[in-house]
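The figures here come from the full heavy-atom set of this structure, side chains too, leaving out hydrogens, waters and symmetry mates. Lettering of chains follows the sequences in order, A, B, ..., and the numbering in each one begins at 1.
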Amino acid sequence: MAELEVSPEQFWTLRDRIRQKLFAGLNPQQFKTVESGLGPVLCLAGAGSGKTTAMVNRVLHLLLFGPAYEEKDYMPLGVKAEDLTAMEFWLGQEGSAGKSSTLPERIRNLISYQGVDPRSILAITFTNKAAQEMKDRIAPMVGPAINKMWVMTFHAACLRILRQEIAVLGYDNNFVIYDTQDQLQVIKDALKQLDLDDKKYKPKSMSMFISKYKSELKAPDQIVISKGNVYEEKALRVYTLYQELLIKNNALDFDDLIMLTVILFQKHPEILDKYQERFRYIMVDEYQDTNHTQYMLIKLLAEKYRNICVVGDDDQSIYGFRQADIRNILEFEKDYPEAKVIKLEENYRSTQKILEAANKVISKNKGRKDKRLWTQNPEGHQLVQYLASDEKDEARFVAEQISKLLVVGAEFQDCAVLVRTNAQSRALEEWFIRTNIPYKLIGGTNFYERKEIKDILAYLKFLSNPSDSVSLLRIINVPRRGIGDATVQKLIAYSQQNNVTIGQVLDNLDDLNLGARAFKGLVDFRQLIEKFREMLGKATITELTETILKETGYLQELISEASYESQSRVENLHEFLTKTQEYDEIVPEPNLSEFLSQVSLVSDLDTFEENSGYVAIMTMHSAKGLEFKNVFLVGMEEGIFPHFRSFDEIGGLEEERRLCYVAITRAQERLYLIAAKQRNLYGQHNYNPPSRFLRDLPEELCEIHQNGEDFFQTVKEPRKLEARQASQNLNRIKSKLSPGGVAYSLGDKVIHDKWGEGVVVAVRGEAEEQELSIAFPGEGIKNLLTKYAPLVKG
DNA sequence: ATCTTACCGATTTTT
DNA sequence: TCGGTAAGAT
């Protein structure tokens with residue numbers, strides 16, 4: 001039988017229906033973002049508006065339907081009637097909506113006749129976590145094509161380009177990456193060489209200076225310092241020398257990764273062209289956080305084809321202090337006048353009340369892109385404000401509320417406490433430990449920043465890159481092998497005089513008249529290094545690491561120390577070994593410098609588990625991108641949040657306000673905002689007024705509590721005793737008026753006006769009718785009604 | 001070479 | 001207040 005005639009219209013109609021079905025779950029704005037593959041797109045994605053969904057589906061749409069869906073006047077060759085039937089069949093199937101993976105391969109191939117090559121897609125994020133999440137969501141939709149696209153962070157993408165191309169800039173392609181600590185080491189070295197006092201020219205401040213200029217794409221010789229500004233003049237000299245030292249060490253810092261890539265593109269148009277040709281479809285996540293260098297990188301890459309989609313939210317720009325330039329997103333349309341601007345304003349995360357509060361707070365900022373989040377979610381609970389007496393009372397309140405939430409079905413991992421500064425976490429931790437609330441501090445020190453990990457990494461870095469003197473100096477006497485400071489100074493002096501690396505000095509030890517002990521130590525060290533170096537390329541990273549730990553005696557030393565601390569170090573090293581194993585398993589051939597750079601670009605946040613069974617304590621900054629059912633914002637006081645340092649920074653308060661917006665929009669169901677009347681910070685009492693952000697919250701959305709009892713325990717001057725008792729009485733009356741003000745539970749310590757300290761041994765009844773049995777040492781057990789008893793929690 | 005003592009400084013930090 | 005670092009003692 002002859003083949004049935006198939007008309008393009010039939011095919012096209014079916015293909016279109018398939019497209020509709022695949023993207024049926026998206027709202028109109030998301031869908032517009034998804035299908036606008038051609039030309040520049042600015043997608044303003046409010047908090048919780050499903051921007052990852054939009055980006056992920058955009059990738060799928062590009063692969064299946066190409067950049068411009070409108071062109072539909074021809075049909076791929078060889079479409080048969082039975083293909084149309086198969087398409088019909090898929091359309092008739094239930095549960096296949098949004099699931100491209102259920103499409104038969106044949107149909108997939110037919111409909112994607114205009115689809116783009118996955119190799120031409122570049123999706124850039126800021127964090128590994130975001131990149132991973134995107135990959136995880138794209139992979140099931142597109143299959144192995146995921147491995148051909150670049151879905152990665154700015155730094156990872158630049159790293160990959162530089163490993164390939166950096167030779168033309170005069171670096172060796174086995175360069176190492178210096179983290180913040182290494183950086184400071186180099187700066188200290190530079191200060192010493194320039195004979196500058198590191199008290200006056202603080203290394204941290206120098207690194208800020210350097211980083212600031214690097215993010216502006218300014219090399220030392222492009223910087224003009226105003227006359228007479230000695231400090232900046234010196235800082236510039238430090239920057240100059242610092243950069244020379246990095247080159248000597250064949251090392252790049254984080255900023256270099258981006259900056260050098262841009263310089264590479266600027267200096268070598270043919271290389272730029274290669275990448276422009278490859279990456280015809282570019283997407284950037286969190287565009288509001290880009291600094292000038294990152295902006296330039298994207299601008300250059302996108303220049304040729306202009307298929308660039310940036311996604312972000314100017315209201316969530318909170319990294320100005322890291323040179324993120326909010327203007328990049330605000331002025332996107334200046335660079336791309338033809339840009340489509342799409343706003344994702346429907347929020348899928350929070351209750352109406354939470355969103356209303358967030359909108360209200362952010363609306364006070366000027367110069368924002370106009371937008372207003374809304375949601376179909378329920379109205380939700382009132383926001384809870386609590387005025388605590390001090391930071392302990394604040395912690396107590398949080399702990400108590402969490403316990404209450406558990407009763408109504410919440411779990412620990414549904415709760416997060418967000419702080420403005422890390423120092424605030426201490427009081428919370430103490431209380432959580434006391435009350436057995438499992439918590440995790442997120443963000444603190446990075447795994448890879450721990451001493452023992454840095455040590456083993458220094459060995460590996462030095463092996464990978466013999467020019468790396470920072471790593472060499474770190475480990476030359478670790479574990480101790482009799483190489484003291486004096487010896488090290490001799491090595492450094494010799495290397496500077498003869499213009500060789502310190503690694504090279506090791507080969508000429510006879511030239512430096514050294515003591516017998518130091519000499520032996522260095523010879524031993526050299527032998528060890530040679531032995532390790534022989535393993536390069538042959539052994540796996542795991543084998544190499546194990547050998548180093550064993551042969552240097554590093555592990556043995558920790559084990560024999562047998563302290564609590566050394567034990568945890570050994571555990572960390574084991575953890576490190578599992579990471580090397582993971583790496584060894586996925587790569588065909590061990591590549592040390594590859595492994596090391598991967599490690600350098602990983603942070604702790606990446607390992608944050610959302611279903612851990614712990615309450616998360618973290619800074620508001622680290623919370624960005626996360627969501628929790630119940631969020632506690634603590635330290636809502638002037639000076640803490642907004643932080644006093646922001647008061648005299650330009651745009652400082654606006655950034656704090658955005659941070660507040662970010663913090664509020666982390667909450668899905670319940671939001672608690674807590675301020676303390678008094679706070680001990682750095683050993684000093686502070687009395688800060690409640691945060692202006694609290695005043696900006698609409699009153700009708702809030703339930704305001706003030707539980708002052710504990711306040712008077714912190715006032716210890718005896719002469720205030722009378723006032724204290726009067727206030728206690730006052731507070732008891734208040735607490736009766738506010739339901740749920742004080743709840744006692746088993747084991748609570750209390751203080752009774754007459755009987756002193758006691759412990760609650762039984763609780764009967766609820767709220768105001770609560771009856772307690774309290775054991776007072778020396779007085780026996782008393783039964784008391786909460787309503788009347790002169791009680792205070794202790 | 002390693003332990004002890006005094007001093008400083010203390011937002012936020014995706015990489 | 002506290003923790004890290006840098007200089008001094010043994």
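Between the CD1 atom of A:Ile177 and the P atom of B:dT15 there is a distance of 12 Å, rounded to whole Å. Distance CD1 (A:Ile124) to P (B:dT15): 14 Å, rounded to an integer number of Å. Distance, A:Gln684 CD to B:dC8 P: 16 Å, rounded to whole Å. Remark: C1' of B:dT15 and CE of A:Met259 are 15 Å apart, rounded to the nearest angstrom. Atom CG in A:Asp197 sits roughly 14 Å away from atom C1' in C:dA7 (whole-Å rounding). The CG-P distance, from A:Leu191 to C:dT5, rounds to 16 Å in whole Å. Rounded to an integer number of Å, the gap from CD1 of A:Ile210 to P of B:dT15 is 22 Å. Residue A:Gln183 contributes atom CD, which lies 11 Å from atom C1' of B:dT15 at whole-angstrom precision.
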Nucleotide N/O of nucleotides 9-13 of chain B paired with protein N/O under 3.5 Å:
| residue | atom | partner | partner atom | Å |
| --- | --- | --- | --- | --- |
| B:dT11 | OP2 | A:Tyr682 | OH | 3.3 |
| B:dT11 | O4' | A:His643 | NE2 | 3.4 |
| B:dT11 | O4 | A:Glu649 | OE1 | 3.4 |
| B:dT11 | O4 | A:Glu649 | OE2 | 2.5 |
| B:dT12 | OP1 | A:Asn422 | N | 2.8 |
| B:dT12 | OP1 | A:Asn422 | OD1 | 3.1 |
| B:dT12 | O4' | A:Arg420 | NH2 | 3.1 |
| B:dT12 | O2 | A:Arg420 | NH2 | 2.6 |
| B:dT13 | OP1 | A:Thr619 | OG1 | 2.6 |
| B:dT13 | OP1 | A:Ser622 | OG | 3.2 |
| B:dT13 | OP2 | A:Asn422 | OD1 | 3.3 |
| B:dT13 | O2 | A:Arg322 | NH1 | 3.3 |

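Contact annotation: A:Asn128 side-chain N/O to B:dT14 OP1/OP2 distance is not under 4.0 Å. Remark: A:Arg517 is not in phosphate contact with B:dA1, judged by side-chain N or O atoms under 4.0 Å from OP1 or OP2.
A:Leu184 comes within contact range of no nucleotide atom at all, as no heavy-atom separation falls under 4.0 Å. If you check every strand for non-hydrogen atoms under 4.0 Å, A:Asp289 touches a base. Within the 4.0 angstrom heavy-atom criterion, no nucleotide atom of any strand lies near A:Arg481.
The pair A:Glu655-A:Arg658 meets the salt-bridge criterion, with a side-chain N (NZ, NE, NH1 or NH2) lying under 4.0 Å from an Asp/Glu carboxylate O. With salt bridges taken as basic N to acidic carboxylate O contacts below 4.0 Å, one links A:Lys461 and A:Asp182.
Annotated as syn: B:dT11, whose glycosidic dihedral is within 90° of 0.
By the 30° and 60° cut-offs, the orientation of the rings of A:Tyr231 relative to A:Tyr201 is parallel. Aromatic ring orientation, A:Tyr275 versus A:Phe279: parallel (interplanar angle below 30°, classes split at 30° and 60°).
Between A:Tyr583 and A:Phe595, the ring center distance clears the sub-6.0 Å criterion.
Every side chain to side chain contact (heavy atoms under 4.5 Å, CB included) that A:Lys520 has, sequence neighbours left out, goes to A:Asp524.
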Donor-acceptor contacts under 3.5 Å from residues 283-301 of chain A side chains, at least two apart:
| residue | atom | partner | partner atom | Å |
| --- | --- | --- | --- | --- |
| A:Asp285 | OD1 | A:Lys51 | NZ | 3.0 |
| A:Glu286 | OE1 | A:Gln288 | NE2 | 2.8 |
| A:Glu286 | OE2 | A:Lys51 | NZ | 3.2 |
| A:Gln288 | OE1 | A:Asp313 | N | 3.0 |
| A:Asp289 | OD2 | A:Lys624 | NZ | 2.4 |
| A:Thr290 | OG1 | A:Tyr287 | O | 2.7 |
| A:Thr290 | OG1 | A:Asn328 | ND2 | 3.1 |
| A:Asn291 | OD1 | A:Thr293 | N | 3.0 |
| A:Asn291 | OD1 | A:Gln294 | N | 2.9 |
| A:Thr293 | OG1 | A:Lys214 | O | 3.0 |
| A:Thr293 | OG1 | A:Ser215 | O | 2.7 |
| A:Gln294 | OE1 | A:Asn291 | N | 2.8 |
| A:Tyr295 | OH | A:Asp335 | OD1 | 3.1 |
| A:Tyr295 | OH | A:Asp335 | OD2 | 2.4 |

